[in-house]
Amino acid sequence: MSLFVPRFQILIDLSASKILSMQLLQTIDKDFSARFKALVNDRREATVDVSGTVRDILSDVKVRGDAAVKDYTSRFDHFNLQSLRLSNSFIAEHAAQCSPDVKAALEVAAERIAVFHHKQLPLDIGYTDAVGVKLGLNWVALATVGIYVPGGRASYPSSVLMNALPAKIAGVDRIVMTVPMPRGEINPAVLAAAQIAGVTEIYGIGGAQAVAALAYGTESIAPVDKIVGPGNAYVAEAKRQVFGRVGIDSIAGPSEILVVADSKNDPNWIAWDLLSQAEHDPSAQSILITDSETFAQEVIKAVEQILTNLATREVATASWQQHAAIILVSDLIESIPLINQLAPEHVELCVDNPQLLANQIKCAGSLFLGRYTPEAIGDYLGGPNHVLPTARSARFASGLSVYDFLKRITYLECNQQALETIGKAAITLAEAEGLPAHAGSVAVRLT
């Protein structure tokens, strides 16, 4: 038995002990287009405007430097820093507390991530064209990069590897990491990961004040050229406000997963996959697209069962109830235009021939093909980067890569004959645009 309520469809029998609600959309319904459009346009980012607070913090750090950073660290992290930078002895002592199993897993992950990102290194371009002009493009690494690593609700050593290794492989000389230390505590695995990835400086600070220190510099922290890494709403807003002064990777939003699955799958597997993102954040979103209503019901029952004993069930349940969706299609090929409109961060294709669907997907952060490739493998040690575009930005953006830490510098070289061959056309265009000095700088060199 099911009961329709506005926006949500309850798919668990009402006699059950627990009822989980989520959006149910069917492509055959008359109102599907309108409801799907609402799903696409649903904004799950924080609605509280923190821009004013962040602006004040940035301005304060810009003026008072270390003193301001220490004040905010004391206020927000309840921790009084004597020195912003963590000493080598502190790092070594705490990294040594990382369990051998975790360190070994980090080393496996680092090797896989490094191999994949090494293959991204691009080649310079250089050639001489038919009229004798030499043209080219050189790739140059950024000089210094700041990596923000969360340290509150989320403390992810895997993010250290994903952010630092591409920078190291690109050739960045100075890799600076900031990580908040609430009440003076830090995850040893984060420091172990930093050692493995080749981070050169670590500062025990977080929040908007850390972003400000990286962007503007303080007495203790030399400014960087680019800031990467996820954070809370304050960190995201700070990155937005310092963009232009420094480069940034993106403004990260809540996590997303979309799973395309047929009835040949074990519903328990798919339930775990959906919850793997739901447990990140109450604003995270899990979407299942399937051609079987019976299978959808089985997945929902499996989700309910898992949530009863899941350590992160409070967060996962909030995400599932508020943002989860199930889309029933007549044929899985119908999922393609839906995926491209949603442009999700993660897409699992749990079908017999996943490449057939994958070849038609144009808007997604990363694809996970087949029944034995859970998205969680990509989070840790698959190889491709797990820093991916969210909030539909996969329409125009890609995941973090070596390219994010490289610049392109082009060059031209004309000899006299080449300039005489193409110069007259340049003069014509300059005069057409009303720029006589442009025209003159070419004309003066022509015989």
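Worth saying up front: this structure is predicted, and the values here are computed from it rather than measured. One is the number of the first residue; the rest follow in order along the sequence.
Note that CD of Glu348 is 9.5 Å distant from CG of Asn265, once rounded to the nearest 0.5 Å. Rounded to the nearest 0.5 angstrom, Ile327 CD1 and Leu342 CG are separated by 6.0 Å. Between Thr312 atom OG1 and Asp281 atom CG the span is 12.0 Å, to the nearest 0.5 Å. Summarising the geometry, atom CD belonging to Glu185 is positioned 12.0 Å from atom NE2 belonging to His78; distances are rounded to the nearest 0.5 Å. Atom CG of Leu328 is separated from atom CG of Leu24 by 5.0 Å, given to the nearest 0.5 angstrom. We find the CZ-CD distance between Arg64 and Glu219 to be 10.0 Å, quoted to the nearest 0.5 Å.
Ring geometry, Tyr372 versus Trp269: the interplanar angle exceeds 60°, so the pair is classed perpendicular (tilted spans 30 to 60°). Ring pair Tyr156/His280 is perpendicular by interplanar angle, where above 60° counts as perpendicular and below 30° as parallel.
Scanning both residues, Ala193 and Leu161, for their nearest heavy atoms gives O-CD2, 3.7 Å. The nearest pair of heavy atoms linking Ala271 to Ile306 is CB-CD1, 3.8 Å. Shown here for Cys350 and Val259, the closest heavy-atom pair between the two residues is SG-CG1, 4.1 Å. Taking both residues in full, the closest heavy atoms of Ile257 and Leu274 are given as CG2-O, 4.1 Å, listed atom of the first, atom of the second, then distance. Of all the heavy atoms in Ala358 and Leu349, the pair that sits closest is N-CD1, 3.7 Å. Among all heavy-atom pairs drawn from Ile339 and Pro344, the shortest one is O-CD, 3.4 Å.
At least one donor-acceptor pair closer than 3.5 Å links the side chain of Gln360 to the backbone N or O of Leu356. A donor-acceptor pair is defined here as one N or O able to donate and one able to accept, closer than 3.5 Å; no such pair exists between the side chain of Asp60 and the backbone of Ala68. Without hydrogens or angle criteria, Thr308 side chain to Gln305 main chain gives a donor-acceptor distance under 3.5 Å. Checking side-chain atoms of Asp249 against main-chain N and O of Gly229 turns up a donor-acceptor pair under 3.5 Å. In this structure, the side chain of Asp42 does not engage the main chain of Ala38 through any donor-acceptor pair within 3.5 Å. At least one donor-acceptor pair under 3.5 Å links the side chain of Glu345 to the backbone N or O of Glu256. Panel note: side chain Thr218, backbone Ala213; no donor-acceptor pair is recorded below 3.5 Å. Checked by atom type and distance alone, the side chain of Asp29 never pairs as donor or acceptor with a backbone atom of Asp31 at under 3.5 Å. The backbone N or O of Asp56 sits nowhere less than 3.5 Å from a side-chain atom of Ser59 that would complete a donor-acceptor pair. A distance-only check finds a donor-acceptor pair linking the side chain of Asn340 to the backbone of Cys363 [under 3.5 Å].
Residues Gln120 and Phe116 meet the side-chain proximity criterion, which asks for heavy atoms closer than 4.5 Å. Taking the side chain as every heavy atom from C-beta outward, Ile205 and Tyr72 never approach each other to under 4.5 Å. Counting only heavy atoms from C-beta outward, the side chains of Leu165 and His117 never approach each other to under 4.5 Å. Put simply, the side chain of Ile326 reaches to within 4.5 Å of the side chain of Ile300, judged on heavy atoms. Proximity of Ser330 to Ile28: side-chain heavy atoms (C-beta onward) are separated by under 4.5 Å at one or more points. Side-chain contact check for Leu86 versus Met181: some heavy-atom pair is nearer than 4.5 Å. Between Asp262 and Asp291, the closest side-chain pair of non-hydrogen atoms falls below 4.5 Å. A heavy-atom distance below 4.5 Å is not found between the side chains of Tyr203 and Thr73.
The existence of a salt bridge linking Arg85 and Asp66 is excluded, since no basic side-chain nitrogen approaches an acidic carboxylate oxygen closer than 4.0 Å. Salt bridge present: Glu237 and Arg240 bring a charged side-chain N and a carboxylate O closer than 4.0 Å.
Residue-environment remark: CD (Gln97) exceeds the threshold of 12 foreign heavy atoms within 6.0 Å. Within a 6.0 Å radius of CG in Asn88, no more than 12 heavy atoms belonging to other residues, nucleotides or ligands are found. Within 6.0 Å of the CZ atom in Phe243, the count of heavy atoms belonging to other residues, nucleotides or ligands does not exceed 12. Other residues, nucleotides and ligands contribute over 12 non-hydrogen atoms within 6.0 Å of the CG atom of Leu121. More than 12 heavy atoms of other shown residues, nucleotides or ligands fall within 6.0 angstrom of atom NZ in Lys70. By the 6.0 Å contact criterion, OH on Tyr380 is open, its count of non-hydrogen atoms from other residues, nucleotides or ligands being 12 or less. The environment of CZ in Phe295 is crowded: more than 12 heavy-atom neighbours from other residues, nucleotides or ligands sit within 6.0 Å.
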Checking side-chain contact (heavy atoms from CB on, under 4.5 Å) for the pair Phe405/Leu400: CA distance, chi angles, key distance, verdict? CA-CA 9 Å; Phe405 303 99; Leu400 196 71; 4.2 Å; yes
Could you walk me through whether Asp273 and Arg371 pass the salt bridge (charged side-chain N to carboxylate O under 4.0 Å, His left out) test, one step at a time? CA-CA 11 Å; Asp273 292 351; Arg371 307 184 200 279; over 6 Å; no
side-chain contact (heavy atoms from CB on, under 4.5 Å) between Leu406 and Val140: does it pass, once the steps are laid out? CA-CA 5 Å; Leu406 295 170; Val140 181; over 6 Å; no
Stepwise, does the side-chain contact (heavy atoms from CB on, under 4.5 Å) test hold for Asp379 with His346? CA-CA 10 Å; Asp379 276 345; His346 309 104; 4.2 Å; yes
Under the criterion side-chain contact (heavy atoms from CB on, under 4.5 Å), I'd like the reasoning laid out for Gln209 against Arg75: C-alpha separation, chi angles, the key distance, then a yes or no. CA-CA 11 Å; Gln209 61 272 21; Arg75 185 189 311 178; over 6 Å; no
What donor-acceptor contacts under 3.5 angstrom involve side-chain atoms of residues 168-176, with partners at least two apart or in another chain?
{"from": "Arg174", "atom 1": "NE", "to": "Glu201", "atom 2": "OE2", "distance (Å)": "2.7"}
{"from": "Arg174", "atom 1": "NH1", "to": "Thr144", "atom 2": "OG1", "distance (Å)": "3.0"}
{"from": "Arg174", "atom 1": "NH1", "to": "Ala222", "atom 2": "O", "distance (Å)": "3.3"}
{"from": "Arg174", "atom 1": "NH1", "to": "Pro223", "atom 2": "O", "distance (Å)": "3.3"}
{"from": "Arg174", "atom 1": "NH2", "to": "Glu201", "atom 2": "OE1", "distance (Å)": "3.2"}
{"from": "Arg174", "atom 1": "NH2", "to": "Ala222", "atom 2": "O", "distance (Å)": "2.9"}

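A donor-acceptor pair shorter than 3.5 Å can be found between the side chains of Ser87 and Ser89. Side-chain contact annotation: Ser283 with His323, donor-acceptor N/O pair under 3.5 Å absent. In this structure, a donor-acceptor pair under 3.5 Å is absent between the side chains of Ser99 and Asp101.
Residues in residues 382-407 take part in these salt bridge (charged side-chain N to carboxylate O under 4.0 Å, His left out) pairs, two or more places apart or across chains: Lys226-Asp404.
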